[in-house]
Amino acid sequence: MNKKTQLVLASLAAALVAAGCASGPSVAELNALTDKIVKASFRDQSHVKVARLTATDETNTACSEADVAGKPLDEKIAKRIEEANMKAIKWPSDGKFIGDWKQGEAIAQSGRGLTWTDSATALNGGNCYNCHQMDKKEISYGTIGPSLYNYGKIRGVSNPDDPASKPIVEYTWGKIWNAKAYNACSNMPRAGHMGILNETQVRHIVGLLLDPKSPVNQ
Amino acid sequence: MQNRRETLKQSAVVAGLLATAGFPQFAHAAFNKAAFDAKSVQDAAKAAGATSMAESKDVTIIGPDIAENGAVVPLGASSALPGVKHLLIMVEKNPSALVAMFHVTDAVEANFSTRAKMGQSSDVYAVALMNDGRALWAKKEVKVTLGGCGG
Amino acid sequence: MKKTSTLSMAAALMMCVVPAMAQKTASQGIDEYRAMLQDGNPAELFEAKGEDLWKKARGPKNATLEKCDLGKGPGVFKGVFVELPKYFADTQKMQDLESRLVTCMETLQGFNAAEISKTAFGRGEMANVTALATWVAAESKGMKFNLSQSHTQEKTFYEVGKRLFFQRGGTHDFSCASCHGEEGKRIRLQDLPILTKNPGDGVGFAAWPAYRVSNGQMWSMQLRLNDCYRQQRFPYPGFASDATVALSTYLGVNAKGAASIAPAIKR
Amino acid sequence: MADPMRIRAQASGDKATVRVLMSHEMETGQRKDASGKTVPAWFIQEVTAKLNGKDVFSAEWGPAVSKNPFLQFTVKGGKAGDKIAVTWKDNKGDTRTDEATVS
C-alpha cells in the first residue's frame, strides 16, 4: 500500500512538472494527498477505528487547517464552532454539579482509556494531571494547561450550592464537558462530549475543583 | 602407572579440594534464598548473618532524591570501614527488601553500584555486614514519581 | 440553559499565573536522576547486537548487510542517520532508516519485507531492525541533522508531514502539536520538546532510537511515533507507512543543525 | 542464548573501575501477562568476576535488580592491559561469561 500511494504521488509530481509548475503541489493538492496517505497508513486496532481520524468534526478539521497555516481561526468560524459545541453540552440530568472530590482525584490522576491497548469497556481516566497542577501534594503534573491549584478558592467559591457560585459552577461543568464551547481550538479534550468521561465522573471532577474540602482548594 | 579409575578418583579429589580450599572468601557465593525472600530490611539482614543492627555514618547509600521511573533506580553502597564482609542494598517497601548482596574481598573496594526496581516511594538502605555480625546501615528516601501520561 | 459569563472567563484567564518555585526542587531531582543513568546506557547492548547483525551472513540468501546503501552509497553507515528520511531512486520512495534497512534485508538477504513490517516491535526480525537502527544511529553520534529537500518528493513529504503534525482527531482532539507545539511545556514531569523548529542538540528527533528505562525496551523512531499516536488515541500507524515517514521528514527537516545523541536513554 | 555483555574497565591510579551492562529480562515473578498468567521469575542470581583468571568479585542478586542490569565495582591493583572476565548465572541455570581488557 506504501508503494501504491507513493507511485500515485510520483505521477502527481510528474504531472506538475510536465505542466511547468515548478512551485510544487498546491495547498488543496497537499491536503488531498495527506488524506490519501492517512487512509493508506492507519488501520483499525482493537476498538480504535480509522474513522476516529477520517470522520472527525469541523472543530478539528478547521483548527488543524488554521494550525498548518500558522494563523488563528477565522473569527466567524470560531464563533460558529463554539456555539455548536456549547449547544452540545449536556448539563447534569439531576441538577447536581458537585460530586465526590476523592473519586475526582482518582479520575484526574488516571491517564488510562481509549488507546488501542486499553480495554474498550473499562472506565476512562481524565488525564487532568498530565496538563494541570491540581492538588499541591502531587509534584508530577504537566504545564500544557494552567495550574488549577486553588481553582475554587481563587474564584471565591466557599459554598458551591450558594446561588452566587452558580456561574462558576456551571462554567466549570461546561468547560470539562466541552472545552471547545469556550475556545474553539483549545488544546483541552472535550471530556463529556467525546465520551471520555461519563456524567458521574464529570461531577466528581467538578467536585475536585470546587469543593472547599478538596485538596485543590487547600 | 595409573589406571583410568585411579585418574578419575584423583581428579575428583583435586576438584573437591579446589571447591573447599580454593578461595575461602567465595565459600558463600551460593544464592542465599532466605535473605532474598525475607520481607523486611531487618529479616533480610538477619538471614544474611546479622546479629545486631545500628545506623552508622561510616556507611554510605547513594541514590537519587526523585526517580523519574521506579523500574530503574540507580543505587550504590559503600563503606571505608575495615572488616566489612558483605554490602547489601535494600528497598524497604519492595515485596522483598533485599536487592543485591555484594561480597567484599581484599581484591575489591567496598563500593558497588547497580540499579533497582522500586514499586513505590521508599527508604533505601545500604547495609554493611561486618565480620563480627554487626549490621551497620545508612538510609535515604527515594521518591518515585509517575511519569509519562499516567497510563 | 444558558451558561458562561465573560466574568468567569476572565477568572479562568487569571489563574494562568503558575507558581514555579515549588517545582524547582522536583525538576532538579529529576535532572540528577537522569545524570546518574547516563553512565551505562543499556542501548549499548543493542548497539553491539546491531553491529553484529550488519556483518553477519543471514537470511535465505545467507548474505551480510555490508553492501546496504543507506543513502551515501553501498556499505556507508557513518553519517547516514542524520540525513534520513530521504528519497531513494531505486525504490522510488521516501524512506527512513528503518524502512531502508528492511529494503536491504529483502534485496540483499532475501527476507520478506512485508512480513518484517507486519511483525510486532521487539519481536523476531523487527527486533533486529531496531538493533540495526540503533547501531547505525550511533555511528552518527555528534553529527548535525541535515536532511535533503532537493527532490520534489522530499518537499512534498515535508508538507504532508506538517499536515500530519497538526492533524487533530481521535477521542481527545489531540494533534502532535497539542504537546509539541509550544516551548517549555511538560506532561507530568516530562519536558516536551517543541518540534516545529530545531529544539536543540539531542532533543526530540535527535534523541531516538532511545532505551526506555520504564519498560526496559529499545525504542526506534518508528516505535516512538507509533506510541505517540497510541497515546493520542489515534488508530494504528503502519510500520514505515507513508504517514510515519512523512512525519519523520517534517521532524527531521525541522531539526536541521541539531546534533544527534542517539541512542539516548529515556524515562 | 543470551546476548553478550558490555564491559568497560578503566584503570586509574592503582585500581580499575569496572562497568558492566548485561542483557537479561530480570522477571520478578510477580508480573502477569496479557492472559492473566503469572510470568515466572527469571533473574540473574550470581555475578562473579576474575582479573587475569583470579577471582576478585562476587555478588548475589534478587529479582529487584532492574532489567538489563548495570553493575559497577572497583578492583584493587587493576591496571591497563589486565583481562577482566565477568560471569553471570540466572535462576534457570543459564550462564554467560564475557571478557574485556582494562584500558
Side-chain angles (χ1 to χ4, degrees), chain B residues 18 22-38 44 47-48 62 67 69-78 85-119 122 124, chain D residues 8-9 12-22 24-31 38 41 43-78 82 84 86-93 95:
Chain B
L18 277 176
F23 302 96
Q25 63 207 22
F26 292 95
H28 38 58
F31 186 66
N32 186 338
K33 192 171 181 306
F36 282 96
D37 282 349
I62 292 171
N69 194 280
V72 179
V73 183
L75 296 176
S78 64
K85 197 171 163 189
H86 311 295
L87 266 175
L88 284 59
I89 291 177
M90 305 211 216
V91 176
E92 188 177 31
K93 288 192 183 159
N94 271 6
S96 298
L98 184 55
V99 174
M101 172 151 50
F102 298 96
H103 305 305
V104 182
T105 69
D106 294 341
V108 291
E109 291 190 350
N111 184 353
F112 309 96
S113 301
T114 186
R115 294 168 184 168
K117 297 170 198 152
M118 289 178 65
S122 168
V124 296
Chain D
R8 278 178 302 151
S12 102
D14 59 350
K15 59 194 177 187
T17 302
V18 184
R19 293 182 186 85
V20 190
L21 281 165
M22 306 167 203
H24 204 284
E25 285 300 317
M26 300 301 286
E27 270 300 339
T28 58
Q30 306 193 2
R31 210 169 54 90
T38 303
F43 59 97
I44 293 173
Q45 273 188 327
E46 284 174 46
V47 187
T48 54
K50 291 175 195 276
L51 184 74
N52 297 327
K54 188 176 155 274
D55 286 302
V56 288
F57 167 87
S58 76
E60 295 163 46
W61 284 359
V65 171
S66 302
K67 180 176 174 177
N68 293 325
F70 171 80
L71 163 70
Q72 181 177 320
F73 61 93
T74 307
V75 183
K76 293 177 186 167
D82 284 353
I84 183 93
V86 179
T87 300
W88 59 250
K89 192 176 154 195
D90 68 24
N91 65 323
K92 290 184 182 172
T95 179

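First the proteins, then the strands, lettered A, B, ... as listed; each starts at 1.
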Heavy-atom contact with chain D under 4.5 Å, split by part of [X]:
X: B:P95; result: side chain
X: B:A116; result: both
X: B:V73; result: backbone

If I take atom [atom1] from residue [X] and atom [atom2] from residue [Y], how far apart are they, to the nearest 0.5 angstrom?
X: B:T114; Y: D:F70; atom1: OG1; atom2: CZ; value: 8.0 Å
X: B:E109; Y: D:T17; atom1: CD; atom2: OG1; value: 7.5 Å
X: D:Q30; Y: B:N94; atom1: CD; atom2: CG; value: 8.5 Å
X: D:Q45; Y: B:N32; atom1: CD; atom2: CG; value: 10.5 Å
X: D:E60; Y: B:K33; atom1: CD; atom2: NZ; value: 13.0 Å

Practice prompt. Between chain D and each of B:I89, B:V99, B:L98, count heavy-atom pairs under 4.5 Å; write down the option with the most.
Written response: B:V99

Are any side-chain N or O atoms of [X] and backbone N or O atoms of [Y], one a donor and one an acceptor, separated by less than 3.5 Å?
X: B:K117; Y: D:M26; result: yes
X: D:K67; Y: B:V72; result: no
X: D:S66; Y: B:A71; result: yes

Practice prompt. Determine the option with the most heavy-atom pairs under 4.5 angstrom with chain B, choosing from D:G62, D:A64, D:P69.
Written response: D:A64

Do you know the tightest heavy-atom contact between [X] and [Y]?
X: B:V108; Y: D:V56; value: CG1-O, 3.2 Å
X: B:A100; Y: D:V65; value: CB-CG2, 4.5 Å
X: B:F36; Y: D:W61; value: CE2-C, 3.4 Å

Worksheet item: Which residues, numbered in order, of residues 86-93 of chain D come under 4.5 angstrom of chain B by heavy-atom distance?
Response: none

Fill in: NZ/D:K76: more than 12 non-hydrogen atoms of other groups inside 6.0 Å
yes

Worksheet item: Which class fits the ring pair B:F112 and D:F57: parallel under 30°, tilted 30 to 60°, perpendicular over 60°?
Response: tilted

